[in-house]
Amino acid sequence: MGVDTLRWTGKTLQLLDQRALPQKIEYVICRTATDTAHAIRGMVVRGAPAIGCAAAFGIALEATRPVALDAAFETLAHSRPTAVNLAWALARMRRALTLGGATTLENEALAIFREDLAINRAIGAHGAELVADGARIMTHCNAGALATAGHGTALGVVRSARDQGKSISVVASETRPYLQGARLTAWEMVQERIPVTLVTDSMAGYLMSCGEIDLLIVGADRIAANGDVANKIGTYTLAVLAQRHGLPFYVAAPRSTFDPAIAQGASIPIEERPADEVTGYRGSRWAPEGVAVRNPAFDVTPAELVTGLITEVGVLRAPSRAGVAALLFRTSGSP
Ligand code: MRU
């Protein structure tokens with residue numbers, strides 16, 4: 001992509017300000033865990049794996065102030081509720097602190113970051129096998145390099161398929177209300193010179209009915225023990241449409257996005273975001289004052305609508321509780 005989503009300098013965490021994209025490339029500098037939590041809550045950095053990496057570095061920023069560490073864990077844990085990678089990364093940092101002390105925190109955060117990049121390349125390699133030459137891939141939100149340490153999950157599959165020499169193209173849904181598809185996925189694909197067509201969310205069914213989509217690949221924020229998937233609002237709608245039109249619907253995610261403690265999708269906490277994201281955009285308002293608004297940022301796609309979960313250890317087809325348990329247990333290979 002030519003631009004880093006997260007940069008660690010040893011003393012600061014520099015986050016590409018995703019609120020400003022695609023108009024401006026700017027970095028927000030975090031010097032404390034509180035700065036980092038503020039950046040996560042404010043959407044400077046977003047996307048489940050990137051949020052996890054940022055939180056880990058946020059803890060590392062407090063390594064020289066051990067008395068502040070408990071408060072740092074607490075503040076970061078409450079920065080956003082749905083992506084489980086946040087809690088997963090904090091648990092890893094807590095374990096490193098307990099076993100090795102505060103001096104190990106920087107190395108653990110760097111390990112989480114580097115592993116995420118390697119994991120995404122493995123996801124890409126497994127997923128690319130599912131993509132035929134010439135495929136037209138619909139994706140939703142942004143599950144790309146901007147949402148991870150690099151390469152991406154859903155867009156990692158796209159990149160890997162392209163790297164295999166396949167002539168693929170992407171249809172990006174705009175992703176109302178926060179426009180991650182229009183602003184971020186479209187930008188990533190343009191940077192990579194991967195053919196991309198932007199559509200509004202409501203055009204998806206029409207395109208599928210016209211035979212203009214071959215498969216769908218999205219990311220995930222949390223996957224329950226039974227394979228239900230929480231991802232960006234609108235994902236469930238796309239999965240239902242995909243089933244209606246007989247199209248494969250894949251979810252690409254690392255195993256750090258699975259939450260075996262959550263039995264089914266209905267128990268996943270769904271973030272409700274501010275009303276002004278729905279009533280207007282960046283200061284301009286189009287809805288009348290006094291209107292009631294709902295703004296759930298994620299929805300849950302039942303496992304039965306998911307053709308396969310693409311992970312770093314392989315593709316779990318027709319996800320089930322037993323399949324997910326086996327997948328989380330594996331050390332390598334195909335589930
Ligand atoms: O609200 P966001 O932008 O953090 O939501 C991001 C998504 O829903 C992504 O699809 C998901 O985190 C996977 S990112 C690899």
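Every number for a ligand or one of its atoms is a count from 1 in the order of the listing. All heavy atoms count here, side chains included; hydrogens, waters and symmetry mates do not. Just so we're clear, the structure is a prediction, and the values are computed from it rather than from any experiment.
- Side-chain atoms of T185 and N142 include a donor-acceptor pair closer than 3.5 Å.
- Using a 3.5 Å distance cut-off with no hydrogens or angles, the side chains of E106 and W8 do pair a donor with an acceptor.
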F298 vs R222, side-chain contact (heavy atoms from CB on, under 4.5 Å): CA-CA, chis, key distance, verdict: CA-CA 10 Å; F298 302 94; R222 195 183 298 226; over 6 Å; no
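- Under 3.5 Å, the side chains of N85 and S256 contain a donor-acceptor pair of N or O atoms.
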Determine all donor-acceptor pairs shorter than 3.5 Å in which one atom belongs to a side chain in residues 194-202; sequence neighbours excluded.
| unit_1 | atom_1 | unit_2 | atom_2 | d |
| --- | --- | --- | --- | --- |
| T200 | OG1 | S202 | OG | 3.3 |
| D201 | OD1 | E174 | N | 3.3 |
| D201 | OD1 | T175 | N | 2.7 |
| D201 | OD2 | R176 | N | 2.8 |

Show the short N or O contacts, below 3.5 Å, that ligand 1 makes with protein N or O atoms; if there are none, say 'none'.
| unit_1 | atom_1 | unit_2 | atom_2 | d |
| --- | --- | --- | --- | --- |
| ligand 1 | 1 (O) | R80 | NH1 | 3.4 |
| ligand 1 | 1 (O) | R80 | NH2 | 2.9 |
| ligand 1 | 1 (O) | K232 | NZ | 2.7 |
| ligand 1 | 3 (O) | R46 | NE | 2.9 |
| ligand 1 | 3 (O) | R46 | NH2 | 3.3 |
| ligand 1 | 3 (O) | Q180 | NE2 | 2.9 |
| ligand 1 | 4 (O) | G47 | N | 3.0 |
| ligand 1 | 4 (O) | R80 | NH1 | 2.8 |
| ligand 1 | 8 (O) | D221 | OD1 | 2.8 |
| ligand 1 | 8 (O) | N231 | OD1 | 3.2 |
| ligand 1 | 8 (O) | K232 | N | 3.3 |
| ligand 1 | 10 (O) | N231 | OD1 | 2.6 |
| ligand 1 | 12 (O) | A48 | N | 2.8 |
| ligand 1 | 12 (O) | D221 | OD1 | 3.2 |
| ligand 1 | 12 (O) | D221 | OD2 | 2.9 |

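- With 3.5 Å as the limit, one finds no donor-acceptor pair spanning the side chains of H38 and S79.
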